[in-house]
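What follows is a short report on a single structure.
No hydrogens, no waters, no symmetry mates; every other heavy atom, side chains included, goes into these values.
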Amino acid sequence: MTTTTTPAVDVDVWGYTAALRETEAAVDAATVSGDVDQIAAAAHALIVAAAAHGWPTATALVFTYERTGPVAHLWGLWRVVDVDGRVLREWEDEPGDMTDESEEELVALDLITNRAATLHHTDYGTPTGTAATVLHTLTF
């Protein structure tokens with residue numbers, strides 16, 4: 001008789017896996033070093049790891065520039081898409097109550113949108129022009 005077991009996933013009280021903790025530690029170390037290139041690379045790696053945690057088939061994050069409201073003049077995560085351009089998750093004109101996100105998605109959102117290094121990495125500057133919607137896609 002053969003028995004198989006599923007290895008236990010190392011998840012801490014915040015829902016972070018070992019891989020997420022490692023990439024977050026790399027961001028912290030890069031930040032301490034003050035090396036702008038290291039910080040950018042570590043922040044990008046954290047964003048990719050977080051996206052893989054929340055949406056395993058994701059290949060890109062789409063950010064939109066917010067022109068009004070409480071987050072005016074900031075870039076916000078708008079869509080998560082896969083290699084075929086299918087929308088895996090979208091936030092459009094939703095209040096911030098986060099009622100239907102999975103635990104994995106909430107962890108990913110926290111890491112992508114609530115860390116100084118990742119926010120700086122996804123700050124694409126103030127758009128010029130008068131377009132109502134301005135998007136930036138971060139592929140990985």
Evaluate the side-chain proximity of [Y] to [X]: yes if any heavy-atom separation is below 4.5 Å, no if none is.
X: Trp91; Y: Arg79; value: no
X: Val134; Y: Arg67; value: yes
X: Arg115; Y: Val27; value: no
X: Trp14; Y: Leu111; value: no
X: Arg89; Y: Asp100; value: yes
X: Trp55; Y: Asp82; value: no

Between [X] and [Y], what is the shortest heavy-atom contact and its length?
X: Gln38; Y: Ser33; answer: OE1-OG, 2.9 Å
X: Ala50; Y: Ala108; answer: O-CB, 3.1 Å
X: Val71; Y: Glu66; answer: O-CB, 3.3 Å
X: Ala43; Y: Ala117; answer: CB-O, 3.6 Å
X: Thr139; Y: Ala60; answer: CG2-CB, 3.9 Å

query = Any idea how Trp75 and His136 line up, ring-wise: parallel (<30°), tilted (30 to 60°), or perpendicular (>60°)?
reply =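 Aromatic pair Trp75/His136 classed perpendicular.
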
If hydrophobic clusters are built from ILVMFWY residues whose side chains come within less than 4.5 Å, do [X] and [Y] share one?
X: Val80; Y: Phe140; answer: yes
X: Leu77; Y: Tyr124; answer: yes
X: Leu88; Y: Phe63; answer: yes
X: Leu74; Y: Leu109; answer: no
X: Ile112; Y: Val48; answer: yes

[atom1] of [X] to [atom2] of [Y]: how many Å apart, nearest 0.5 Å?
X: Leu61; Y: Thr137; atom1: CG; atom2: OG1; answer: 9.0 Å
X: Ile47; Y: Thr122; atom1: CD1; atom2: OG1; answer: 5.5 Å
X: His121; Y: Leu46; atom1: NE2; atom2: CG; answer: 10.0 Å

key: Which residues share a side-chain contact (heavy atoms from CB on, under 4.5 Å) with Leu135, sequence neighbours left out   =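 Listed in chain order: Val62, Thr64, Trp78, Thr133.
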
request  = Using modelled atom types only, decide if a donor and an acceptor are shared between the side chain of Thr23 and the backbone of Ala19 within a distance under 3.5 Å.
outcome  =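 Yes.
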
